[in-house]
Amino acid sequence: METLIHNRHDRVPLPYVHIVQVLVDMLLLLAPIALYPKVGEMAIFVTAIFTLFYRGLLEISKSFLDPFGNAGSKVNNINTDMLIAEGNDGFPRWNCLNERVPMS
């Protein structure tokens, strides 16, 4: 039987999640200032691409903390049945099996 102590040890520590959030925020806040001497006004567009990439990566990494939504997390959880269906969609082995399955 799993206890609360076991459940706590399986997760990423919460301070780690917070420090990663702060580091990403600081990177995105300081990126235009750091990039301006090298790329000039293009720093605005480069920072927009950085923001899109790093914020998306941060949200995906947060959803890996509780991928099935068992702990009631409000983060966008990973829809595993959709991932499996999309992964098997073009696989030729499964295409011939639907001919053998009886219709009910």
Side-chain angles (χ1 to χ4, degrees):
M1 182 171 176
E2 206 172 295
T3 63
L4 185 61
I5 304 283
H6 290 111
N7 196 13
R8 259 188 60 217
H9 290 299
D10 291 343
R11 296 188 173 276
V12 174
L14 196 57
Y16 176 77
V17 176
H18 287 293
I19 194 69
V20 170
Q21 176 76 48
V22 169
L23 288 173
V24 169
D25 289 343
M26 295 312 295
L27 172 74
L28 297 176
L29 183 67
L30 296 175
I33 299 166
L35 289 172
Y36 186 75
K38 287 279 189 183
V39 295
E41 293 177 5
M42 286 296 292
I44 297 169
F45 302 111
V46 173
T47 304
I49 292 171
F50 275 1
T51 303
L52 182 70
F53 177 74
Y54 281 109
R55 282 290 177 182
L57 196 60
L58 183 64
E59 288 301 316
I60 289 174
S61 66
K62 284 181 183 177
S63 69
F64 283 138
L65 292 174
D66 186 22
F68 302 114
N70 295 333
S73 64
K74 302 297 181 208
V75 183
N76 293 334
N77 295 318
I78 299 169
N79 194 355
T80 53
D81 55 345
M82 181 59 75
L83 286 175
I84 292 170
E86 290 293 325
N88 291 334
D89 188 34
F91 197 56
R93 179 178 182 184
W94 305 118
N95 289 338
C96 64
L97 290 178
N98 65 355
E99 298 167 359
R100 295 187 217 164
V101 176
M103 295 292 183
S104 57

Check your understanding: Nearest 0.5 Å, what's the CG-CG distance between Leu58 and Leu23?
Key -> 10.0 Å
**Study point:** Contact summary for Ala43 and Pro32, nearest pair of heavy atoms
**Key:** CB-O, 4.0 Å
Check your understanding: Given the rule that I, L, V, M, F, W and Y join up when any side-chain heavy atoms are under 4.5 Å apart, are Val20 and Phe53 in one cluster?
Key -> yes
Review point. With side chains defined as the heavy atoms from C-beta onward, is the minimum distance between Leu35 and Lys38 less than 4.5 Å?
Key: no
Check your understanding: Among Leu27, Leu28, Val24, whose side-chain contact (heavy atoms from CB on, under 4.5 Å) with Thr51 holds?
Key -> Leu28
Revision key, fill the gap. Value for CD (Gln21) from CE (Met26), rounded to nearest 0.5 Å, stands at 12.0 Å
Point to revise | Ile44, CD1 atom: more than 12 neighbouring heavy atoms under 6.0 Å | key: no
Exercise for review: Measure the OG1-CG distance between Thr47 and Leu52 for me, rounded to the nearest 0.5 Å.
Suggested key: 12.5 Å
Exercise for review: Treating Ile, Leu, Val, Met, Phe, Trp and Tyr as nodes and any side-chain heavy-atom pair under 4.5 angstrom as an edge, say whether Leu57 and Leu30 lie in one connected cluster.
Suggested key: no
Study note, to complete from the structure: To the nearest 0.5 Å, atom CD of Glu41 lies from atom OH of Tyr36 at 6.0 Å
